[in-house]
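These notes concern the structure reproduced below.
Positions are given from 1 along the sequence.
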Amino acid sequence: MRKLLLPGMIIVSAILIIARLFYLQIIDEELKLKSENISIKIKYEYPERGYIYDRNGELLVANQPSYDIMVVPREIKNLDTLEFCKLLSITKEDFSKRLEKAVVYSPLLPSVFMGQLNKMEYAAFQEKERKFDGFYIQKRSLRDYQFHNGANIFGFITEANEAIIKKNPYYKSGDLLGKQGVEEMYEEILRGQKGVKHIQRDRFNREMGSFKEGKFDTIAIQGKDITLTIDSKLQEYGELLMKNKRGGIIAIEPKTGEILCLVTAPTYDPAILVGRQRSRNYTKLYNDSLAKPLYDRGLLAEYPPGSPFKILTALVGLQEKVIDTSTAFTCRGGFSYGRRFMRCHCGGGVRKLHMGIAKSCNAYFGNTYMRTIDHFKTPSIGVDAWSDHLKTFGLGQFMGYDLPTGRRGNLPTSKTYERIYPNGGWRSTAIVSNSIGQGEVLMTPIQLANMMATIANRGYYYTPHIIKKMKGEQIDEKFRTKHVTSIDPKHYKPVIEGLAEVFKTGTAYFLGVEGIEICGKTGTAENFARINGKKVQLEDHSIFVAFAPKENPKIAIAVFVENGGYGATIAGPITSLMIEKYLKGKITNKYREENIINRSLQHEYNKFTRKYIDSMYKVKLRKDSTDRVKAKKKLDSIKKAGVQTNTQTTTN
């Protein structure tokens, strides 16, 4: 038996090897295709990207044809460079640079020589294409924007770079993909699937037709259409209201978490990032370090939330039973704590919860916050308990929405104050400014909007999202999952009553809309900038948060206007207009509308520019004393240009 074992193993192994060779060489023609790839030319057929619609079925983004000139360097023969360059209106040096780049990518594989030709350029080249061996036309599609707003929502289409190509084998040189916004987030859904054709060539490199009659070819599959939660009319209106201002507007449908508008200002027309001028236009936007039009303030800007944060201070105080609806505090023009004083504009007097919210009384919420922290054995335990409640509102963390950018804001805990006060000894008086949304608290506008959606729902929210539906796909389960706060639902009713009073006798009594009961809160956040290490106070930020109607709310909104002053001055009117536009479809108070549309804050942004340039001017003159005249001329030119440009303030 042992004598037969070794020969048997050899025979079995030989049979397996022969069978495998037979399969690979006779049956499986995939290997044969690979072995003959020198005589096979692969052509890709690029599908159209999926269309993008708004929540009401309005087409926002479609496609338009585009043509790239592709090159395979090894196949270039007898090229009349002069004629070629003249046809494409490029110099010989430009030709050499483009060809060198193609050779670096691969002498044997096609890559883009010149991208995104228009129809006239394509027709002129196609007529003489046969004369230019190694070059051919590749048809693609570019975005065609039917809606010239919402650039921050859509993102843009750009060419895949080397890093992406190495990471993802789907992409080849010259392939386009989505960057930022929904184009990036839903790239795999929108891009579709490339088609592949294998063309057989003879020994003279002439095309002979499909290899194996197209057996290995695949057809292009168009990208799937998607429908966004955005209301395009509301988005357009919001961008109009924010003209010549800086900030963000976020509106959410409370019952679903669907984002109704996502406005950032300043912004730009998404169509300028399409075509041959895309790179040049993007560079201009990117280099605008003052206005920052590529910076999505609604998702990225972290601001002190100001008085809207008092809503949460009240809810946590009610939950921890340190106050109730009958608890009263006396306001004497503000709130004294230690040697400090938080000035108040409520008019003073005895304040209970209802009017404390309506009049935005600092004394009421300062006392409530201190009672909350002091309710626990130590301030550290108190702050962490307070922080834990607020985390259930989605604060201090990434929200999980379906856009590829964002910030978590800042929600202080005991660890925060251990770093600030390493020797200990801090008490509630040291951190009481948190009670009114100053201190160490930072929130993004989308977090403010989600906070109001949560209050409108009496204690729960759905993760904000911008996708409503996808053809043949289901939206992520997390967008259908309810998040419940740690605050008992019964505590929301008195707070909501106070928010409704804001529009009756409170800080926004003159901002009401006939026929709509709005619940809201004004906010004014102090604004500081650092110039050459010095802390400089600028005009306050204007904030307003609201939801409407009071019963069965349809919209929750947050408006943040940088350097806008009091909350009721600019952010408040914008909020009322946006709510009326969405719920009624029209505006009744035309004076309010015209006033906001025509209101420019450029002068406020120029103040920062002047202070910054003046400061730099003085520093430069001190350093460059050998050539003061030259320095003065240079800085004067910067000063003149800077005053005419939007600026970006830095908040603390």
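By the 6.0 Å contact criterion, NZ on Lys469 is open, its count of non-hydrogen atoms from other residues, nucleotides or ligands being 12 or less. Other residues, nucleotides and ligands place more than 12 heavy atoms under 6.0 Å from the NZ atom of Lys550. Remark: Arg427 CZ is loosely packed, at most 12 non-hydrogen atoms of other residues, nucleotides or ligands lying under 6.0 Å away. Annotation: Lys493, atom NZ; neighbour count of heavy atoms from other residues, nucleotides and ligands within 6.0 Å does not exceed 12. Atom CZ of Arg480 has more than 12 heavy atoms from other residues, nucleotides or ligands within 6.0 Å. Atom CD of Glu473 has more than 12 heavy atoms from other residues, nucleotides or ligands within 6.0 Å. Around the CD atom of Glu477, the shell of radius 6.0 Å holds more than 12 heavy atoms that belong to other residues, nucleotides or ligands. Residue Tyr509 qualifies as open at atom OH: its count of foreign heavy atoms under 6.0 Å is 12 or below.
In this structure, Phe560 and Pro445 approach most closely via the heavy-atom pair CB-CG, 4.4 Å. Among all heavy-atom pairs drawn from Ala568 and Thr507, the shortest one is CB-O, 3.7 Å. For Lys554 against Pro549, the heavy-atom pair with the smallest separation is N-CD, 3.7 Å. For the pair Val263 and Glu239, the tightest heavy-atom approach, listed with the atom from each and the gap, is CG1-CG, 3.9 Å. The two residues Val502 and Ala358 have their closest heavy-atom pair at CG2-CA, 3.7 Å. Shown here for Arg458 and Pro553, the closest heavy-atom pair between the two residues is NH1-CG, 4.2 Å.
Taking the six-membered ring for Trp and thresholds of 30 and 60 degrees, Phe147 and Phe154 have ring planes more than 60 degrees apart, a perpendicular arrangement. Under the 30°/60° scheme for interplanar angles, the aromatic rings of Tyr421 and Trp426 are found to lie parallel.
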Subject >> side chain to side chain contact (heavy atoms under 4.5 Å, CB included) between Thr372 and Thr313, worked out >> reply: CA-CA 9 Å; Thr372 300; Thr313 300; 5.9 Å; no

Original post:
After noting the C-alpha distance and the side-chain angles of Ile557 and Val545, does the key distance pass the side chain to side chain contact (heavy atoms under 4.5 Å, CB included) rule?
Top reply: CA-CA 6 Å; Ile557 188 170; Val545 296; over 6 Å; no

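For an aromatic pair to be called close, the ring centres must be under 6.0 Å apart, and His483 with Tyr461 satisfies this. Note: His541 and Tyr303 meet the aromatic proximity criterion, with ring centroids under 6.0 Å apart. Outside the 6.0 Å centre-distance limit, the rings of Tyr369 and Phe329 are not counted as a close aromatic pair.
The shortest side-chain heavy-atom distance between Phe547 and Ile455 falls under the 4.5 Å cut-off. At least one side-chain heavy atom of Ile467 sits less than 4.5 Å from a side-chain heavy atom of Tyr186.
Checked options Asn152, Leu300, Ile249; the residue passing with Thr264 is Asn152 (criterion: side-chain contact (heavy atoms from CB on, under 4.5 Å)).
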